[in-house]
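Notes follow the structure.
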Amino acid sequence: MGDIIQLLPDNVANQIAAGEVVQRPSSVVKELMENAIDAGASNVQLIVKDAGKTLIQVIDDGKGMSKNDLRMAFERHATSKIRSAQDLFALSTMGFRGEALASIAAVAQVHCASRTADSDVAHFLRIDGGKLVESGQEAKPVGTSMEVKNLFFNIPARRQFLKSDQVEINHITDEFERVALAHPELGFRFFHNQHELFYLQAGNLRQRIVGVMGKKMDKHLVPVEEKTEHVAIRGFIAKPEAARKKRGEQFFFVNNRFIKHHVLHHAVVKAFEDVLPNGYHPAYFLFIEVDPASIDVNIHPTKTEISFADDKMIYAMLSSAIKHSLGKHNVAPSLDFEIGNTFSFPSMPKDRPVQIPKIQVDTHYNPFSQTTPERRPATQGWEKLMIDDLQPSKATPTNNAFSNAEKESDYNPFYQQQKNYKARLFAGSYILYEDGEIIYLIHPKRAHERVIYDELMRSIDKHTVASQQLLFPVDLELSPTDAESLKEFLPAMTSLGFDAEIQNNQHIVFFGIPTSITESSLPGIVEDILSDIKEIGSMDETQFNRRLILNLSRSAAVKRPEHLQDEAIQNLLTNLFQSNEPMISPRGKSIVFSLTLQELHNFFNS
Ligand code: ADP
Ligand code: MG
């Protein structure tokens with residue numbers, strides 16, 4: 001037999017990479033705006049049509065690209081920003097993988113024109129689905145204009161999964177705001193369907209926050225400033241009266257890069273503890289400067305999560321910086337909450353039900369069936385999970401009448417209209433789902449993993465965990481070393497809905513578990529946690545949470561799809577289509593295989 005291994009053609013490789021980099025129109029916005037800033041622009045314009053589905057254009061007055069660089073820019077792993085892996089540690093520019101443009105061009109129709117200061121003309125390229133279709137010269141000022149049209153035009157299944165214009169434009173606005181807040185020294189404009197949404201002139205940080213958040217924010221802003229040898233923190237927090245039930249005005253920037261960080265968020269929330277009632281989210285705009293060598297930005301493909309070498313130190317500093325500035329500016333609870341209901345949110349919890357953790361007793365639990373978990377009634381394992389617990393509204397305990405307003409704005413019209421999916425089990429292994437001219441085959445276990453993962457991520461995000469108390473505690477034996485390593489992570493486990501105790505350094509006893517898992521999966525989960533701890537050595541809490549959630553979603557996901565009932569299939573699809581990432585499992589595997597009528601015709605006609 002001859003050799004059979006071949007390299008993937010570039011455009012195929014780029015399409016695969018695009019799955020990671022380009023999740024939705026807002027990902028394109030982020031990459032293009034960051035490129036404009038990296039190019040030294042003073043003014044950046046974002047022009048969007050139909051929530052980015054038709055057009056995303058970024059125009060900058062940065063240094064531009066030469067004719068050759070323009071070609072190179074669309075090659076995979078082409079970057080002017082690092083030369084070797086070592087440079088990764090000293091990185092101060094935003095993008096660094098040299099992947100964005102190649103990936104974007106693989107899944108859209110791109111027109112890019114760029115002119116450098118030493119050239120009289122601009123050079124342009126037109127690339128369709130990764131293939132160069134035209135190049136030439138055109139007249140245009142120094143800088144770069146990047147037009148990205150008809151995103152996912154060549155991947156109908158991905159285009160189909162884009163959400164409503166309202167949802168997609170919200171994501172784009174989020175990205176725009178993050179970039180604009182990080183760079184008050186630059187001018188920005190943002191147009192959507194001919195309307196100007198933002199016109200931000202260069203200024204200082206306070207002016208920029210007010211420009212982005214609106215004038216009403218101005219009177220609430222309190223500066224924060226703290227500096228040590230290794231870390232500098234600066235920025236603003238908003239007084240408690242600006243706090244909301246809904247999240248959305250929380251911004252951390254580390255070395256000027258927007259990040260999400262549960263642990264740091266927690267530090268801020270803790271510092272506000274005495275001045276803010278439970279369930280409210282303080283608004284903050286905080287910039288943390290650390291030595292780039294002490295962070296790892298590369299743990300997540302979209303680069304909004306990072307880990308610090310020394311989480312605890314940053315946590316402590318942040319919390320003291322905020323307390324300090326709350327004190328200095330006389331922010332006291334009496335001042336802000338006893339006045340009555342003049343603010344746009346209800347005041348103290350006294351006229352509202354106090355938050356009580358939801359505890360369910362598992363009445364079906366039969367201690368004698370522990371050795372044969374399969375024998376348990378059908379309503380026990382994952383089927384029950386999918387029928388009851390994964391209903392979006394039930395999964396997080398609701399605290400009060402306002403919880404509706406707190407719901408994700410990310411609703412999916414696709415799912416709303418079609419409660420009854422035309423779906424069934426295929427060959428006992430996949431879910432076959434038909435929608436117009438597309439058929440989808442869905443991998444049930446991965447889909448379920450995605451749903452559980454999102455659910456748990458949402459609950460730590462909101463600090464509300466659905467936990468069930470076990471009637472009979474589950475006792476697992478441990479070696480003393482394992483007991484020792486687990487101890488450190490008990491608080492993190494608690495934050496996910498576990499109620500567990502280490503006893504005599506040789507047992508872990510579970511009294512309660514998150515509602516999304518079953519007690520029969522506990523031994524597997526503990527084993528996974530221990531092997532993670534061994535493999536990674538030390539983990540910070542964010543890393544640990546992510547790992548744990550990955551493990552939980554794997555252990556709790558449906559194992560025997562052949563038993564899926566119709567109702568479970570409907571629930572699974574409903575939940576899956578509400579996800580922001582319905583196509584990719586938390587472990588990066590494909591969930592959906594699709595076939596369009598056109599592809600079918602092409603097949604039979606070739
Ligand atoms: P990265 O930003 O990670 O280097 P990209 O694929 O986003 O990768 O961009 C590739 C290269 O193209 C960049 O390194 C830069 O040299 C060039 N480039 C991209 N956008 C611009 C722009 N707006 N102005 C000037 N050069 C740009
Ligand atoms: Mg880039």
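Throughout, residue positions are numbered sequentially from 1 according to the sequence presented. Numbering of ligands and ligand atoms starts at 1, following listing order.
When only modelled atom types and interatomic distance are considered, Gln57 and Ser145 share a side-chain donor-acceptor pair under 3.5 Å.
Ligand 1 has a nitrogen or oxygen under 3.5 angstrom from a nitrogen or oxygen of Thr144. Residue contacts with ligand 1: Lys63 is placed with no nitrogen or oxygen under 3.5 Å of a nitrogen or oxygen of the ligand (distance criterion only). For ligand 1, the polar-atom distance check against Asp38 finds no nitrogen or oxygen pair separated by under 3.5 Å.
Here Leu441 pairs with Phe426, Tyr430, Leu432, Phe593 under the side chain to side chain contact (heavy atoms under 4.5 Å, CB included) rule; sequence neighbours left out. Legend: residues meeting side-chain hydrogen bond (donor to acceptor under 3.5 Å, both in side chains) with Gln598, ordered by chain and number and at least two apart, are Asn602.
Taking the ring centre of Phe152 as origin, the terminal cationic atom of Arg159 falls outside the region bounded by 6.0 Å and 45° from the ring axis.
Across Phe251, Phe253, Phe258, a single residue satisfies ring pair (Phe, Tyr, Trp, His ring centres under 6.0 Å) together with Phe285, and that is Phe251.
Proximity of Asp60 to ligand 1, defined as any heavy-atom pair under 4.0 Å, is confined to the side chain (atoms from C-beta onward).
Comparing Ala36, Ala39, Ala105 by heavy-atom distance to atom 25 (C) of ligand 1, the nearest is Ala39. The option with the heavy atom closest to atom 27 (C) of ligand 1, from among Met65, Met33, Met72, is Met65.
We find that Glu175 and Lys30 are not joined by a salt bridge, their nearest charged nitrogen and carboxylate oxygen being 4.0 Å or further apart.
Close contacts between ligand 1 and Ala73 involve ligand atoms 10 (C), 12 (O) [criterion: under 4.0 Å to a heavy atom]. Of all atoms in ligand 1, listed by their number and element, those nearer than 4.0 Å to a heavy atom of Ala100 are 6 (O), 7 (O).
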